[in-house]
Amino acid sequence: MVDPLTAFAIAQGAIKGIQAAIKMGKDVQGITNDVMKFFDAKEKVAKEAIKDPKKKYSSDTSQAMSTVMQLHELNRAEEELKWHFINQGHSQLWSQIVLERNSIVQRRRTQEILDAKAAKNRKAEIDEAITMGLCILVAAAIIMLVAWGVIEMKGKF
């Protein structure tokens, strides 16, 4: 996984690429690759900031400050990108991108919940099978001890 600082640097690079392409007069289709890099990196920054080990920061507050400032800058860049789409006459395209992104996020979250439930059920099944196996083993041991005891008692009478 890419750490948040590297992802942030990638996002900044994509932003610079987008800005340069816009200055050169490229339309929305001309900046598509940089836009995709930007969104990929932005998502990594958001996800990895949550998972980031504290070792890179001296305090929780400095980690929070870093994360919030990075996301603020990336959100600002996304807002500028949105306005570029709108100014180029592609507001409908931007809306479709946002709707599809929200749909993908929703499907991913639903799948994660389903996967977590399936893993929990699978673990419960395994625990139940282990418990059943142990019960059978204990029952077999008790039967063997009783049988042995009966055999021993027959020999004494």
Side-chain angles (χ1 to χ4, degrees), residues 1-139 141:
M1 277 271 149
V2 177
D3 68 278
L5 297 176
T6 303
F8 182 67
I10 293 169
Q12 286 181 317
I15 291 167
K16 288 178 183 171
I18 292 167
Q19 290 170 340
I22 290 170
K23 284 180 184 174
M24 290 174 32
K26 289 190 178 180
D27 64 356
V28 171
Q29 286 79 16
I31 62 172
T32 301
N33 287 335
D34 285 325
V35 171
M36 289 189 306
K37 285 179 193 174
F38 167 74
F39 281 119
D40 288 345
K42 182 180 179 209
E43 185 173 325
K44 285 178 185 170
V45 168
K47 285 182 178 179
E48 290 302 312
I50 296 168
K51 300 178 195 175
D52 191 31
K54 188 178 175 181
K55 66 183 176 184
K56 294 181 182 166
Y57 302 96
S58 59
S59 71
D60 291 339
T61 305
S62 65
Q63 180 180 1
M65 178 79 170
S66 175
T67 301
V68 168
M69 293 309 291
Q70 288 174 353
L71 290 174
H72 175 72
E73 184 174 330
L74 296 177
N75 286 335
R76 190 170 38 91
E78 183 178 339
E79 187 67 20
E80 289 174 12
L81 184 60
K82 175 180 109 176
W83 284 108
H84 176 69
F85 271 68
I86 291 169
N87 290 334
Q88 289 282 316
H90 297 288
S91 61
Q92 187 69 21
L93 179 61
W94 182 261
S95 296
Q96 289 172 340
I97 291 169
V98 171
L99 285 173
E100 183 61 22
R101 175 178 60 186
N102 293 342
S103 175
I104 290 168
V105 167
Q106 185 61 38
R107 286 192 308 263
R108 184 181 303 137
R109 286 182 181 160
T110 301
Q111 189 60 47
E112 287 171 355
I113 290 168
L114 292 174
D115 291 346
K117 284 181 181 179
K120 184 179 177 182
N121 289 342
R122 180 72 178 140
K123 184 180 179 332
E125 289 172 359
I126 291 170
D127 289 347
E128 186 177 318
I130 290 171
T131 302
M132 182 75 73
L134 289 174
C135 288
I136 291 171
L137 248 167
V138 168

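Numbers for residues simply follow the sequence, beginning at 1.
The side chain to side chain contact (heavy atoms under 4.5 Å, CB included) search around Thr61 returns Ser59, not counting sequence neighbours. Not a single side chain to side chain donor-acceptor pair (under 3.5 Å) links Arg109 to another residue, sequence neighbours left out. Residues meeting the salt bridge (charged side-chain N to carboxylate O under 4.0 Å, His left out) test with Glu43, sequence neighbours left out: Lys47, Arg108. Qualifying side chain to side chain contact (heavy atoms under 4.5 Å, CB included) partners for Met69, counting only residues two or more places apart in sequence or in other chains: Met65. Residues that satisfy the side chain to side chain donor-acceptor pair (under 3.5 Å) test with Gln88, not counting sequence neighbours, are absent from this structure. With sequence neighbours left out, the salt bridge (charged side-chain N to carboxylate O under 4.0 Å, His left out) criterion links Glu79 to Lys82. Listed by chain and residue number, nothing satisfies the side chain to side chain donor-acceptor pair (under 3.5 Å) test with Gln19 (two or more places apart in sequence, or in another chain). Residues satisfying the side chain to side chain donor-acceptor pair (under 3.5 Å) criterion with Lys16, sequence neighbours excluded, are absent altogether.
The structure places CD of Glu80 at 10.0 Å from CD1 of Ile18, a figure rounded to the nearest 0.5 Å. For the atom pair NZ (Lys42) and CD1 (Ile15), the distance works out to 9.5 Å, reported to the nearest 0.5 Å.
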With a cut-off of 3.5 Å and sequence neighbours excluded, list every side-chain donor-acceptor pair involving residues 119-127.
residue, atom, partner, partner atom, Å
Asn121, ND2, Lys117, O, 3.4
Lys123, NZ, Asp127, OD2, 3.1

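For residues 86-107, the pairs satisfying salt bridge (charged side-chain N to carboxylate O under 4.0 Å, His left out) are Glu78-Arg101, Glu100-Arg107, with sequence neighbours left out. Counting only residues at least two apart or in different chains, ring-ring contact (aromatic ring centres under 6.0 Å, His included) contacts with residues 86-139 comprise Phe85-Trp94.
Atom CD of Glu128 is surrounded by 12 or fewer heavy atoms from other residues, nucleotides or ligands within 6.0 Å.
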message: Checking Leu81 against Ile31 for the side chain to side chain contact (heavy atoms under 4.5 Å, CB included) test, could you report, in this order, the C-alpha distance in whole Å, the side-chain angles of both residues, the deciding distance, and whether it holds?
response: CA-CA 10 Å; Leu81 184 60; Ile31 62 172; 4.0 Å; yes
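Between Ala41 and Ile10, the shortest heavy-atom contact is CB-CG2, 3.8 Å.
Judged by distance alone, with hydrogens and angles left aside, the side-chain atoms of Ser66 form no donor-acceptor pair with the main-chain N or O of Ser62 at under 3.5 Å.
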